[in-house]
Structures are given as structure tokens and as C-alpha cells.
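Each remark here refers to the structure printed beneath this line.
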Amino acid sequence: MSTHSSRVVFVTGAGRGIGRAMADAHADAGAAVAYLDHDAALAEEAAAAATARGVKAVGLSADVSDYAAVEAAARAAEAALGPVQVLVNNAGISPKSGQDGRRAEAWEMDPAEWRRVIEVNLTGAFNCVRALSPGMKALGEGRIINIASVAGRTYCDIVGVHYAASKGALIGFTKHLAGELGPYGITVNAIAPGRIDTPMMRGTASGANEAVRLATPLRRLGRPEEVADTCLFLSSPASAFVTGQVIDVAGGWLLT
Ligand code: NAP
């Protein structure tokens, strides 16, 4: 029996990129997986591919910033797969609305762009915790894994101030929730990826990714599957006594 065979896992932003890799890794480890994405077609296609490999999976569409939609998706996941033990808060955005695919600087940023990033990257994670943690408390076990960023801890000249603020807040959110939920057998940890080769990263201004590669001690960008490996560790029995931690998957980039 595989390490994850009795797990039901709910991954947001699972249609592509890091979220897809984490959801697929859990499916391939034997878990039943709810693939949630903004984009219904992507979520359904990802779940159908997992189902075709013999895994129990469901594709769900919701905007994580919309609490009613998240609540409906959480109940749909439970109806299809059973009680959810693992929540991976991955959905996130990093707008580059400045000139030539660069970030907008704080003094020129549209306040609506600021609000949207906080609503998706931070409130989205709260919404999922609000909808799914009561079920974990009732089970007496659970794992919550928040996908933050090294940019949440230190200055990174690629991302905007909204993104850095949202990811820094996600780290505080992780530590606080570890305290609240620990007594119920629920661990809460974060992963801080460095530069990972995904559609989000490819939207960055030209030259930026090569500069990151050269500034990364391991001299390469990361792969979504490498973030998925750490996520699998955090949802497995091997990390049962690990909570409130942030694990960098960054090749040593922006070490603090
Ligand atoms: P990505 O390629 O853009 O994929 C993100 C996925 O999330 C997309 O399928 C997107 O769907 C979905 N999504 C966006 N907003 C959503 C919302 N409101 N509700 C539901 N789903 C939503 O991004 P990625 O690079 O895989 O990043 C995944 C996570 O890792 C993010 O939290 C990101 O901040 C973090 N991260 C990435 C890197 C990196 O270098 N790639 C580094 C550090 C941290 P739609 O586009 O259809 O909305």
C-alpha cells in the first residue's frame, strides 16, 4: 500500500504549473485528488487524466477569492471523494502590469491590482481553510500546506509589492494556524519556492530568469515536480511532527 493511499487531497490552482504537479504527484502516490482551478476546462482535463491512470479524482472550478464558491467546491470534493485530510493552498497570481512585462512599482500600481493579489493569494487560502478545517478537526487529523515564496521573506526585484506582502502574510498565517490547529492533530506548513519553470514564471520580462539562474547557487531554475516532492513529504507520515515551518525549494536563491 502506498504512503498516500487513504488520503483525500484538495489542491487549488491545480490546472497547471506547480499545482498540477503537486496534485498529480499525490494521485500517483495513491491519493484521491480534488483538482480545483479557476479554469474549469483545465481542472476537468487534469482530473480526467488522473482518472484515466486509475486514480479517484474530481475536477472543480472556483475562484478561491469567492468564499461561497470555495465552500461549494469543498462540499463537492467531499461528496465525490470523502473527507479531505490534505489541503494545498497553491492558487496564486503575480501580475506584471508594468512596461515590457515588468512589475508595476508601488507608486504607479492600480489599487484594484493590489486588492486582487491579496484576495487571491491570501484571502483565498483563508477561504479554503475556513471551508475545510472543520472537517479535519472532526477527523482529528489533517495537513495544510501553503505555497508561499522566498519573495515573502526578503526583497526580490522581479515581483510586485502586493505579491511580496501576500506571501509574507501567508507565512504568518501558516505559523498562527499551526498553533490553532495543532491540538486537533492538524499540521500547517509552508513551502517557499524560488524560481520554478511554470507558465507564471514565463510571463516575466526577458532576461530576468537568466539573472535568477546565475544568482542561484545550484545555477538552474527549479521544476514543478521538485516542489511536489516537498509537498508529498509534508502530507506524508514522515513529517508527522513537523508544523509551523517554511521549507525553501529554491536551489539556494535568496537565502536568508
Ligand atoms: P501558474 O502557472 O500561473 O498556475 C497557477 C494556477 O492557479 C493557474 O492554473 C491559475 O488558473 C490558478 N489560479 C489563479 N488564480 C486563481 C483563483 N483566483 N482561483 C483559483 N485558481 C486560480 O503559477 P505557478 O507558477 O504554478 O504558481 C503556483 C503557486 O506557486 C503560486 O501561489 C505562486 O505564487 C507560487 N510560486 C511560484 C513561483 C514560480 O517561480 N513559478 C515561485 C514562488 C512561488 P487561471 O490562470 O486560469 O486563473
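All ligand and atom numbering here is 1-based and tracks the order in the structure. Along the sequence shown, residues carry numbers from 1. Everything quoted here is computed from the prediction, not taken from an experiment.
- Side-chain atoms of S235 and H26 include a donor-acceptor pair closer than 3.5 Å.
- Between R115 and E119 there is no salt bridge, since none of the side-chain N atoms of the basic residue sits less than 4.0 Å from a carboxylate O of the acidic one.
- The only option from L234, L132, I186 that meets the side-chain contact (heavy atoms from CB on, under 4.5 Å) definition with I144 turns out to be I186.
- A donor-acceptor pair shorter than 3.5 Å cannot be found between the side chains of S94 and R103.
- Judged purely by distance below 3.5 Å, without hydrogens or angles, the side chains of T12 and N90 never pair a donor atom with an acceptor atom.
- With rounding to the nearest 0.5 angstrom, the CG atom of L36 is 6.5 Å from the SG atom of C128.
- In this structure, ligand 1 sits under 4.0 Å from heavy atoms belonging to G13, R16, G17, I18, D37, H38, D39, A62, D63, V64, N90, A91, G92, I93, R116, V120, I147, A148, S149, Y163, K167, P193, G194, R195, I196, T198, P199, M200.
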